[in-house]
Amino acid sequence: MKNNIYSTFDFSKSLSHFQEKVTKLLELTNISEFDGRVLKLREDKIRESALILAGECIALLLHNLSKSQYFLEKSMQQTQGWWHKTTQKHGYKKRQILTVGNVEVTLKLPYVVERIYQPNKDKKSLREGFCPFLKYLGMAEGLTPLVLSTVAQYGAIAGSFEAARRILIDWGINISLKRIERLTYYFGQLGIDLRNNKLNDLKSGNLSNLNTLQDQRVVIAVDGGRTRIRIPKKGRRRVKTNRRGFTGEWIEPKLLTIYVVNEQGKKIKASDIPITNDGTYEGYQGFLEILEMYLFRLGISQAKQVLLIADGAEWIWKHIPPLLKKLECPHETYHLLDFYHAAEHLQTFADAAFNTDNERQSWFKKARSLLRKGHTLDLMRNMGEFILSASGERCKILVRERNYILKAYRRRLLKYNEVASKKLPFGSGAVESLIRQAINLCMKGNSKFWLKTNAEIMLYLRCQWIAGRWDNFCNSVFNSLIKPISA
C-alpha cells in the first residue's frame with residue numbers, strides 16, 4: 001500500500017471489489033507448489049484487502065457524519081472552549097482525512113476563524129481557524145483517531161522512527177518519516193499537558209480523588225536511569241554550519257511505578273486497578289510533585305498497606321517518606337531498601353575482606369541470610385571484626401560498605417523479615433524492568449542525544465504503553481481535544 005486510495009463512498013462497490021480479490025486468493029491453484037512462502041504471500045494480500053475495506057467503511061462513516069446537520073451543530077457546541085469572543089463562522093473548507101488502508105476521504109466542512117481588528121487598516125485580518133467537526137473528532141491533524149494513536153504508539157515504542165514507518169506501512173498507514181516524528185511528539189505533548197493540568201489542580205485543591213487504592217496492598221517503587229541530553233553551546237555560531245553545536249550530558253530521569261499485590265504478594269494486573277508508570281527529567285522536585293499527584297488521585301490514604309521500595313539514593317529517603325506522611329498513608333506503611341542493592345554491597349565487602357573465591361562466597365551467603373532474616377546487628381558486628389584487622393585501601397572499602405548497611409539500618413530500611421512475613425516484595429524489580437524497557441532499550445546510548453522536551457515526551461509515552469494503559473491514555477487525550485468550557 002504505497003499510494004493513497006481515494007474513497008468512492010460506495011459500500012457495495014468496495015465490498016464487491018474485496019470479495020473479488022479475496023475469492024481469487026482462496027482458490028487452491030497449483031496446490032503442489034503450495035508452501036509457507038506462498039501462504040505468507042496470500043496472508044499479506046488478504047490483510048491488505050481487508051485494511052482497504054476497513055478504510056472505505058470508515059471513510060463512508062465520516063462522509064455520512066459530515067452530511068448530518070445535527071452532528072455539525074453538535075460539534076460547533078462541543079468545541080466552544082476553543083472559540084474566542086471574535087470567532088465567527090467562515091464558510092466551508094475541503095479537508096483530506098487519512099484512514100486505515102491508506103484510504104483518503106475528502107470532506108467539505110464548516111470552518112471558523114478568529115477575526116482581529118487592527119488599527120490603521122481598512123479590512124479585518126483573519127487568524128488561522130479550524131473545522132469544529134475535525135476538532136471534535138480528534139482529526140485536526142488530518143488522520144482518524146485510530147490512525148493518529150497508532151502512529152504515536154509505534155513512534156514511541158519502536159527503536160527508531162524509521163522502524164516505526166516500516167511497521168505502519170505494513171498496517172496500511174503510509175506517511176512520511178518527518179510526519180511520524182512530528183505526530184508522535186504532538187500526541188505525547190497532549191499527554192504531558194493533561195499531566196500538568198492535574199498538577200495544577202492538585203496545587204489549587206481541585207484534583208479529584210478516585211479511591212482506586214482503597215483497601216489494597218500498594219507497592220511504590222522508585223529509581224533513576226541515564227540519558228544523554230543535548231546542551232546547546234554558548235557563543236558565536238560556526239561559519240560553515242551557522243550552528244553553535246551542543247554537548248551531551250548524562251542526565252538521570254527519575255521513574256516511578258505504583259502497583260497493587262494480592263495476599264500472596266503477586267502483582268495484580270486487573271483493568272480496574274491499573275499499574276501507574278511515569279517519569280521525568282525535571283529533577284527530584286518535579287518528580288515529587290508528579291508522585292504526590294498520582295498518590296493523591298489514586299487515594300493512597302485509603303490503602304490497607306503501603307510499601308516504598310528503592311535503592312539507597314539520598315534524595316529518595318530524604319523526601320519521599322515525609323511526602324507519604326503528608327498524604328496520610330495508613331499505619332502499615334513500610335520503607336525498604338531494595339534487598340539486591342544491599343546484597344551487592346555485601347558482595348563488595350566480601351571481595352575486599354577475603355583472598356579466595358570460596359571464602360568470599362561462603363561469607364556472602366551467610367551475610368545475605370542474616371540480612372534477610374533480620375539479624376542486621378549480628379551482621380554488622382561481624383563486619384566490624386574484619387575492619388579491625390584491615391588496613392590501607394582495603395580498610396577504606398570495608399568501612400564504606402559497612403557504613404552503607406549501617407546508614408540503612410538507622411533509617412529502618414532493612415526490615416526484610418517483617419516485609420516477607422506480610423508477603424510483600426523486597427526487591428525493586430518492577431521499576432528496574434521499567435527503566436530497562438522505557439530508557440535503556442530506546443533512549444540510552446552513547447550516540448543518542450535528546451532534546452530535553454522530546455526526551456520527556458518519549459519517556460511519558462513509553463511509560464503509558466508499558467503500563468498497559470495505552471487505550472485509556474488515548475481516550476483521555478481525545479477527550480481533551482474537545483476542550484469544554486469546564487476544563
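For this chain, numbers begin at 1 and follow the sequence in order. Given the structure is predicted, the values throughout are model-derived calculations rather than measurements.
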Can you tell if the side chain of [X] reaches within under 4.5 Å of the side chain of [Y], non-hydrogen atoms only?
X      : Y      : value
Leu307 : Ile220 : no
Ile268 : Tyr259 : no
Tyr416 : Thr376 : no

[X] side chain to [Y] backbone, donor-acceptor under 3.5 Å:
X      : Y      : value
Trp317 : Asp311 : yes
Asp215 : Lys304 : no
Thr79  : Trp82  : no
Asn382 : Asp378 : no
Arg217 : Val260 : no
Arg228 : Gly445 : no
Gln80  : Met76  : yes
Arg360 : Phe354 : yes
Ser362 : Asn358 : no
Asn277 : Gln464 : no

Between [X] and [Y], does any side-chain N to carboxylate O distance fall below 4.0 Å?
X      : Y      : value
Glu282 : Lys452 : yes
Glu314 : Arg411 : yes
Asp44  : Lys40  : yes
Lys254 : Asp223 : no
Arg195 : Glu289 : no
Arg166 : Glu162 : yes

Under a 3.5 Å cutoff, is there a donor and acceptor pairing between the side chains of [X] and [Y]?
X      : Y      : value
Tyr294 : Asp278 : yes
Asp351 : Gln347 : yes
Gln305 : Glu332 : yes
Ser433 : Gln437 : yes
Glu104 : Thr99  : no

Cationic tip of [X] above [Y] ring, under 6.0 Å, 45° of axis:
X      : Y      : result
Lys233 : Phe246 : no
Lys444 : Trp450 : no
Arg368 : Trp363 : no
Arg230 : Phe449 : no

Is the ring centre of [X] less than 6.0 Å from the ring centre of [Y]?
X      : Y      : result
Phe349 : Tyr404 : no
Phe473 : Phe187 : yes
Trp315 : Phe287 : yes

Evaluate salt bridge (Lys or Arg N to Asp or Glu O under 4.0 Å) for Lys365 paired with Glu359, printing each intermediate quantity in order. CA-CA 10 Å; Lys365 288 180 180 179; Glu359 290 177 321; over 6 Å; no
Nearest 0.5 angstrom please: Ile457 CD1 to Gln189 CD, how far?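 Output value for this atom pair is 4.5 Å.
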